[in-house]
Amino acid sequence: MSTVATSDDAHGASAAGAQPSPKKNGLSDRAKGERSLGWKLAGPAFVIMLLVTLYPICYAIYLSLFKYRLTDPDNRKFAGVQNYVTALGDPLFWEAFTTTAVIVVVTLIIELILGMAIAMLMNKIVLPRRTLRTIVLIPYAIITVVSAFSWLFAASVDTGFFNHWLHFFSFGQFPLDYDWFGGRWSSLTIICLSEIWKTTPFMSLLLLAGLAQVDTSLEEAAKVDGATWWQRFRRVVLPNMKAALMVAVLFRSLDAIRIYDNPQVMTGGANKTMTLSMLVSNETINRVEIGMGSALAVILFVIVLIVAFIFVRGFKVDLTGGGK
Amino acid sequence: MDHARKRRRGTALTLAAALAAGMGLAACGSDDSAGGSRTLTWYINPDVGNADATKGGQATLAKECADASGGKYRINVQLLPNSASDQRIQLLRRLAAGDTSMDLMSIDPVFVAEFAEAGYLAPVPASLEPQFREDRVQSAIEASTWNGKLVAVPFWSNTQLLWYRKSAAQQAGLDMTKPVTWDQLIAAADKSKTDIGVQASLYEGYTVWINALVAGAGGKILQNPGAAGEDTRLGLDSAAGREAARIISTIAKKGLGGPSIGSNEETQSLDLFQGKKANFLVNWPYTYGALTGDKKDVAATVYPRTVADKASAPPYGGIQIGVGAKSKNPGLAYEAAACITNRQHQADYMAKAGNPASRKASYTDAEVLKAFPNGIAQTIRGSLDVASPRPQSQYYGDISTGLQQKFSPPGAVSQQTPATAQRFIIDVLKGEALL
């Protein structure tokens with residue numbers, strides 16, 4: 001009986017081996033059920049997401065192939081890739097590209113250093129931890145346009161206090177009537193400062209989450225082995241929080257590439273401070289050149305995709321979490 | 001059992017989706033014009049009272065006209081953004097989307113051509129046209145006309161004046177009873193180490209200045225109004241254009257436009273004048289009402305000349321009233337526009353809101369003379385007669401932005417700037433360059 005049973009079992013097992021379909025799919029009935037339930041639960045949201053994101057993206061790509069001005073719909077002409085050729089060959093596009101790149105790189109580096117410092121401080125401080133975290137987050141809670149106006153007023157010649165402070169602390173060396181928004185680099189300085197002030201808290205919070213993942217025993221072990229602070233930071237802390245670090249850098253750079261509010265409020269694009277997003281909005285909304293605007297939007301989208309791809313593949317950022 | 005449950009679930013889902021869609025549709029289809037009195041919507045630019053009907057602004061006119069209509073219509077006032085460009089964008093987007101609430105719109109004169117060319121404005125009824133042309137200053141009629149047809153209603157007419165302090169002019173030895181030139185102002189300001197209030201930020205007001213300088217030297221920025229984009233001819237690359245560039249560049253390089261000339265809009269230049277850092281200012285007539293403190297020393301005269309032997313071409317501005325082509329009640333809307341711009345309302349509006357009327361009769365009204373004393377009312381009236389509009393074109397936005405971009409920052413303007421700007425704007429209109 002038992003032998004039969006055994007042979008039956010063996011037979012059953014080998015039969016299962018010979019007919020591998022259910023195993024090969026790798027799904028038991030339960031898993032299949034779960035997957036189907038998952039689709040049913042997430043399906044409607046997924047469909048809505050496709051409608052509100054994929055449709056506009058496809059429509060923008062379609063529109064970008066036309067010479068089409070909203071106030072002159074009768075003259076809509078198919079232009080092929082002409083809009084892309086014009087855009088990529090235009091000095092204004094590259095000027096906006098450079099401005100955007102400068103803002104991204106400068107703000108990212110400074111925010112990373114400052115954010116890390118604040119995160120490490122918040123990680124070490126035990127007593128007023130919650131209060132400190134709330135205080136640090138305040139600038140991030142302010143609406144970007146509002147913060148842009150505050151910085152604009154603070155740095156303008158008539159209402160601002162920056163010049164007065166700089167004048168005072170430089171013992172009268174700094175001119176009181178210095179026009180921050182009169183040149184490209186001085187305008188970009190204020191724009192970057194405002195960005196840094198506003199988004200460093202976001203950076204530090206993401207980095208704090210990373211720091212919390214670092215096993216303190218590893219640090220202690222390194223300390224016992226005589227590693228200096230810098231060595232511990234570089235060899236133990238940083239590698240252990242790489243995932244969080246890269247996610248922070250990725251999110252922040254994708255965010256910064258789309259920068260619009262700060263330069264729009266402060267300079268409106270004067271003195272070569274126009275960013276790519278401003279260029280898109282200018283073409284689409286001000287000039288109602290829907291075709292060219294869509295082409296520029298698609299180019300900006302591709303730039304964002306490329307940056308995300310470089311991060312995810314090049315630096316092996318795991319957006320699903322977990323991996324180190 | 002299982003199938004039955006699935007089917008039930010499917011039915012429930014379909015029902016829920018239908019319900020949601022139905023609710024959405026119902027929300028879209030709501031119509032508040034039903035009932036005895038129709039509601040017209042008037043998109044107004046910000047003025048003295050904004051949406052407050054007690055201050056004498058457009059909201060007051062809306063209320064008075066609605067009351068006078070004997071219940072025929074009510075006017076719901078919607079406030080547009082501050083800057084002319086933002087006002088255009090909001091109107092344009094609604095018009096392009098076929099918004100049926102666009103009954104009445106306060107439109108900056110420079111955008112009338114674009115809206116009319118795109119077919120966004122309802123035709124002016126022939127019966128009301130004589131009323132809309134009656135007693136109007138010529139510049140106001142020109143600004144409301146496109147391709148020889150009246151397409152909007154002249155509402156109020158603006159023009160820039162040269163504001164100055166009598167004491168400062170006297171000190172500089174300027175005879176302000178005669179027209180002065182920009183060069184005289186530059187010399188006076190340079191000598192007294194004060195500024196001249198001008199608008200040279202990257203915005204519409206800078207185009208106003210550039211256009212006035214070019215027109216004052218006898219030039220025309222746009223040679224063939226109404227032409228298609230690729231056929232547009234510009235007159236910037238000319239002696240007049242270079243003369244304009246010379247004046248802008250001199251003021252900027254000598255630092256006579258204040259420390260932040262490249263960010264100066266009307267408000268900042270007014271502040272310079274108010275704070276006595278500038279004794280000369282080119283600005284719209286609201287200046288007098290906006291100045292605080294003792295105004296005895298303040299006077300206004302006609303806009304400065306670009307060249308000594310040619311009369312100046314003061315900037316023209318103001319507001320025209322347009323009626324949307326998709327409005328459900330265009331006839332009623334034009335009726336309301338006739339009431340808004342009638343003789344009494346024009347004078348009331350000028351006296352209370354400080355915005356000059358397009359009707360000539362208003363300039364002798366007692367209340368108006370009280371609000372614009374010392375002959376300022378007559379100066380405005382005289383300036384309106386010779387005022388020169390900005391280029392009338394369906395591509396005005398592109399021309400204006402192109403000008404502003406190439407003339408910014410003012411300190412970098414040179415004798416080559418007009419030619420560069422001209423090439424750039426033509427490329428933009430041909431679709432060969434970005435803006």
Side-chain angles (χ1 to χ4, degrees), chain A residues 40 43-44 67 69-75 77 79 82-83 85-87 89-96 152 155-160 163 175-184 187 266-274 279-283 285-293 295-296, chain B residues 6 9 13 16-17 83 85-86 88-90 92-93 95-97 111 113-120 200-203 206 228-229 252 255 258-264 267-268 271-272 275 277 394-395 397-398 400-402 404-405 408-412 424 427-428 430-435:
Chain A
K40 276 178 196 153
K67 193 171 180 334
R69 196 182 175 97
L70 199 57
T71 49
D72 194 8
D74 300 337
N75 277 332
K77 275 183 252 166
Q82 189 52 48
N83 285 334
V85 174
T86 307
D90 196 280
L92 188 66
F93 173 82
W94 292 108
E95 193 183 286
L152 167 70
S156 34
V157 180
D158 44 5
T159 51
N163 286 354
L176 270 178
D177 60 356
Y178 184 75
D179 183 14
W180 285 97
F181 300 109
R184 186 183 196 183
S187 304
M266 291 191 206
T267 64
N271 302 316
K272 303 181 179 177
T273 53
M274 189 185 272
L279 192 61
V280 173
S281 119
N282 208 16
E283 294 295 321
I285 294 170
N286 291 359
R287 297 191 58 211
V288 287
E289 285 281 0
I290 306 296
M292 179 59 86
L296 285 166
Chain B
K6 264 187 193 160
R9 208 184 288 155
L13 265 173
S83 87
S85 313
D86 292 340
R88 166 183 167 266
I89 291 168
Q90 187 163 137
L92 189 59
R93 292 175 81 185
L95 289 166
F111 305 128
E114 184 179 26
F115 290 0
E117 182 72 18
Y120 291 158
S201 177
L202 187 88
Y203 84 124
Y206 195 14
S260 56
I261 178 169
S263 339
N264 272 7
T267 316
Q268 286 80 3
D271 288 346
L272 280 179
K277 284 180 188 140
Q394 64 271 45
Y395 305 109
D398 287 359
S400 174
T401 314
Q404 296 160 31
Q405 285 189 358
S408 286
F424 175 62
D427 283 349
V428 166
K430 281 185 185 159
E432 288 165 7
L434 296 178
L435 187 61

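Below, chain A is the first sequence line, B the second, and so on; all start at residue 1.
For A:N286, the parts lying under 4.5 angstrom from a heavy atom of chain B are both the backbone and the side chain. The parts of B:S260 that come within reach of chain A are both its backbone and its side chain, each placing non-hydrogen atoms under 4.5 angstrom from that chain. Neither the backbone nor the side chain of B:Q404 comes within contact range of chain A, judged by heavy atoms closer than 4.5 Å. For A:L296, the part lying near chain B is the side chain, with the backbone staying farther off; criterion is any non-hydrogen pair under 4.5 Å. With a 4.5 angstrom heavy-atom cutoff, B:L95 does not touch chain A via any of its atoms.
Residues forming a ring pair (Phe, Tyr, Trp, His ring centres under 6.0 Å) with B:Y203 (at least two apart in sequence, or on another chain): none. Remark: A:T273 pairs with A:T267 by the side chain to side chain donor-acceptor pair (under 3.5 Å) rule, at least two apart or across chains.
Salt bridge absent: B:E432 and B:K430 never bring a charged side-chain N and a carboxylate O closer than 4.0 Å.
With rounding to the nearest 0.5 angstrom, the OH atom of B:Y395 is 7.0 Å from the OG1 atom of A:T71.
A donor-acceptor pair is defined here as one N or O able to donate and one able to accept, closer than 3.5 Å; such a pair exists between the side chain of B:S83 and the backbone of B:D86.
Screening A:E289, A:M274, A:E283 for a side chain to side chain contact (heavy atoms under 4.5 Å, CB included) involving B:L434 leaves a single residue, A:E283.
In terms of non-hydrogen atom pairs under 4.5 Å with chain B, the most contact-rich of A:Q82, A:R69, A:K67 is A:R69. Contact count versus chain A (heavy atoms, under 4.5 Å) is highest, among B:P409, B:S201, B:A228, for B:P409.
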